[in-house]
2 protein chains.
Amino acid sequence: MGFFDEIGKVAIGSRLRMLTDKVTEDAAQIYKLYHIDMQPKWFPVFYALTRQREKTITELAKAIGHSHPSVSKIISEMLKKGYVKENKDKTDGRRNVISLSKKGMKISAALEDQLIDVNAAIEEISAQAQHKLWEAIGEWEFLLEQKSLLRRVTEKKKERDGANVEIIDYKSEHQEVFRSLNVEWISKYFTMEESDYKALDDPQGYILDNGGFILVALYGGEALGVCALIKMNDGEYDFELAKMAVSPKAQGKNVGFLLAKAIIEKAKSLGAAKIYLESNTILKPAINLYHKLGFQKVPGKPTPYARCNIQMELNLN
Amino acid sequence: MGFFDEIGKVAIGSRLRMLTDKVTEDAAQIYKLYHIDMQPKWFPVFYALTRQREKTITELAKAIGHSHPSVSKIISEMLKKGYVKENKDKTDGRRNVISLSKKGMKISAALEDQLIDVNAAIEEISAQAQHKLWEAIGEWEFLLEQKSLLRRVTEKKKERDGANVEIIDYKSEHQEVFRSLNVEWISKYFTMEESDYKALDDPQGYILDNGGFILVALYGGEALGVCALIKMNDGEYDFELAKMAVSPKAQGKNVGFLLAKAIIEKAKSLGAAKIYLESNTILKPAINLYHKLGFQKVPGKPTPYARCNIQMELNLN
DNA sequence: TAAATTTGCGTAACTGGTTACGTAATTAAT
DNA sequence: ATTAATTACGTAACCAGTTACGCAAATTTA
């Protein structure tokens, strides 16, 4: 147990499994004690059948919370022992209606005594324990039903990553990063074009001096993401969101989202009403991100970029 | 869940298993979220190795509470991925010393972030729950360690069976039962002898009128066990415990023990100091019972019974 | 009424663990 | 110095569940 104390509650799964094993391991012995020739795994099926005379395989599976092949196997074993009988449904040839045989019902009577004693034993343990396992399980089932562990972990990750990400204004020292991060992804998926070089080689002249902005994302102090807001001369849009790039090192750390969120805030604070962007549908994570931020697809506009096959806009009002 | 509410806490095992499944099912996804190429089942091994540079298969198994073949399999999988390396111990050729490879250590660093988030997520669930699962598991582990479920159930069964058993004095109406129960086991394991017929055909004249006693055990009102105390003329012993018989129908219901206990009390109340009995070692449950009651083996005495190969006495002072 | 979809369920293959067993290396006992 | 017992650990077979798949019957849709 020392191991699990040290490792923390991450081990809750392993620990649950071990307790389950411990609670379960005696089951076979207990049946022997009552001279009941039955396998522990048959019990749920058995019990369900005592409650309701007849049930099909699928009904049984649903009732006891197993998959149907599991029930199918159990039934074929119980059939061999003669505890149940099967009966093809006359009106629906697919259904295999299972019921307890005479022999099965006799066993089921013997089981009742056992149930009483096992229940009493478990109640005894419960009474000796300060913390209520039964109720705790119920609560956990409910809480996990509401929000899965995966979702909870995802949220925690976002929170933690967010705290590590700092979004700052572009300074001339970032020019190298701004260029290299963009070259990296563009040349990975497409090829660099004329307009790329213009913006990347001279962000000061091409973007900032024209009334645009650039933000830089620091992760643990290192610049791992960049994003630009380019002033547009078109009457419809105020800015184009462009040259967004996140280092593979920071992938999955929510950097893109935080960066985009920040740049949208920036645009808002500058009184912008509509933002435009161009992208390509093979960049699925990017498209998803834009979608999540509220961008909507718009019909084709003229563009200098060959790689553009989708255009989107975000209305800020 | 309805099923389990209805069936009662007997289902604690199934319920634990389901919760375990639920907690565990997301594990693989969570690793993916962190871009860690690892199987959930490797985690305990991984973790144990980050804690202590080197460990043998068996040490790992002990540390994480698995069987050694399980660890053996996991290691061979991790080996294939290049996360660990093995090293035959120079001084002990049997030992296979495992340690993390460079690649393994890199993964282990990535794991740390994940651990933080998973722990946070689980703490969040814990905080939302009123009942403390973690502590409850700890208590159950302790309580089951102290006394296994099997032993607890056995005790409950004895209690319940005991309450159903009533020990009464022999009356003439019991002669038939007294005879038939004894004939049943004697002729099953041995053959009836002259002395048997004397006692069984005329318990009144042969046992009671000579200062002996007979007790009858009723189970649910039915006479299913008998036991006699025969007055002895020998200077050493006061009574012989004999003609104890329990119906197979009442087997495992503690009837024998209660009957013997009662007959010993009877002897005590009559001022007896020493009880004697004869038996045969092939009757193992009977010998165990006598032993449990405090009877000790004594060297051979003259006996009319061919089937006797062990003699025992109980000192009542 | 024919075609497409859904449902019931059996079989097969997989999974993450176990116990059983065999073998080689080491240690203890005579 | 043997012999016997113990230990480390790999392989095989099993176990109680699962998912994947396919077939046939029933139901829905066109």
Side-chain angles (χ1 to χ4, degrees), chain A residues 11 13-29 31 38-46 54-80 84-98, chain B residues 11 13-29 31 38-46 54-80 84-98:
Chain A
S14 302
R15 227 171 148 194
L16 275 168
R17 193 180 57 74
M18 285 184 180
L19 181 56
T20 309
D21 288 349
K22 200 152 209 169
V23 170
T24 310
E25 77 184 357
D26 286 348
Q29 295 285 89
Y31 285 104
M38 195 169 104
Q39 292 193 40
K41 64 171 168 171
W42 297 350
F43 174 75
V45 168
F46 221 98
E54 293 191 328
K55 267 180 184 294
T56 66
I57 299 281
T58 311
E59 282 163 3
L60 279 168
K62 193 172 279 176
I64 71 173
H66 281 195
S67 63
H68 88 258
S70 166
V71 174
S72 186
K73 258 191 274 184
I74 289 172
I75 290 296
S76 79
E77 288 171 25
M78 290 174 74
L79 217 49
K80 222 176 281 170
V84 293
K85 34 187 196 201
E86 42 183 11
N87 230 353
K88 277 277 167 210
D89 189 324
K90 286 272 151 53
T91 71
D92 183 341
R94 296 166 305 175
R95 308 173 83 220
N96 186 0
V97 182
I98 310 295
Chain B
S14 301
R15 216 160 160 205
L16 274 169
R17 193 179 57 72
M18 286 184 178
L19 180 56
T20 309
D21 288 349
K22 201 153 210 170
V23 169
T24 309
E25 77 186 358
D26 286 348
Q29 295 286 88
Y31 284 104
M38 195 168 103
Q39 291 194 39
K41 64 172 169 173
W42 298 349
F43 172 75
V45 168
F46 222 97
E54 295 190 327
K55 268 181 184 297
T56 65
I57 301 281
T58 312
E59 282 163 3
L60 279 168
K62 192 172 277 176
I64 71 174
H66 280 196
S67 62
H68 88 259
S70 165
V71 173
S72 188
K73 258 191 274 183
I74 290 172
I75 290 296
S76 79
E77 288 171 24
M78 292 174 73
L79 218 48
K80 222 176 281 170
V84 293
K85 36 186 193 199
E86 43 185 8
N87 229 351
K88 276 279 167 207
D89 189 325
K90 286 273 151 53
T91 71
D92 184 342
R94 296 165 305 177
R95 310 174 83 219
N96 187 0
V97 181
I98 310 296

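To find a chain, count down the sequence lines: A is the first, B the second, and so on, and within it residues start at 1.
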Expressed as a whole number of angstroms, how long is the span from B:I64:CD1 to C:dG16:P? 14 Å
Summary of protein contacts for nucleotides 8-15 of chain D, nucleotide by nucleotide, where a base hit scores B, a sugar-phosphate-only hit scores S (4.0 Å, heavy atoms): SBBB----
Nearest-Å distance, CD (A:E25) to P (D:dA16)? 14 Å
List the atom of A:K85, the atom of A:L79, and the distance in Å for their closest heavy-atom pair. CA-CD1, 4.0 Å
Quickly work out the A:D89 CG to C:dG10 P distance and round it to whole Å. 13 Å
Under 4.0 angstrom, heavy atoms only, what part of the nucleic acid is B:T24 near: base, sugar-phosphate, or nothing? nothing
Between P of D:dA16 and CH2 of A:W42, the distance in whole Å: 10 Å
Value in whole Å for how far the C1' atom of C:dG8 lies from CG of A:N87: 16 Å
Under the rule for salt bridge (charged side-chain N to carboxylate O under 4.0 Å, His left out), what residues qualify as partners of B:K22, not counting sequence neighbours? A:E145
Kindly write out the residues that satisfy side chain to side chain donor-acceptor pair (under 3.5 Å) with B:H66, not counting sequence neighbours, or none if the list is empty. A:R17, B:S70
Walking DNA chain C from its 5' end, the first of B:S67 and B:T91 to be reached, judged by nearest nucleotide, is B:S67
Please report the distance, rounded to the nearest Å, between CG in B:D21 and C1' in D:dG17. 8 Å
Which pairs with one or both residues in residues 57-66 of chain A pass salt bridge (Lys or Arg N to Asp or Glu O under 4.0 Å), sequence neighbours excluded? A:E59-A:R95
Mind calculating the distance between NZ (A:K22) and P (C:dG17) to the nearest angstrom? 18 Å
Which heavy-atom pair separates B:A28 from B:P40 by the least distance, and what is that distance? N-CG, 3.7 Å
Here's a test of your reading of the structure: between B:R17 and A:K90, which maps to the more 5' nucleotide of DNA chain D? B:R17
Using distance only, find each side-chain donor-acceptor pair of residues 71-78 of chain A under 3.5 Å and give its atom names and separation, not counting sequence neighbours.
from  : atom 1 : to    : atom 2 : distance (Å)
A:S76 : OG     : A:K73 : O      : 2.9
A:E77 : OE1    : A:K41 : NZ     : 3.3
A:E77 : OE1    : A:W42 : NE1    : 3.0
A:E77 : OE2    : A:K41 : NZ     : 3.1

Looking for any heavy atom pair under 4.0 Å, which part of the strands does A:T20 touch: base, sugar-phosphate only, or nothing? nothing
Residues in side chain to side chain donor-acceptor pair (under 3.5 Å) contact with B:D26, at least two apart in sequence or another chain: none
Could you check how far CE of A:M18 sits from C1' of C:dG17, rounded to whole Å? 11 Å
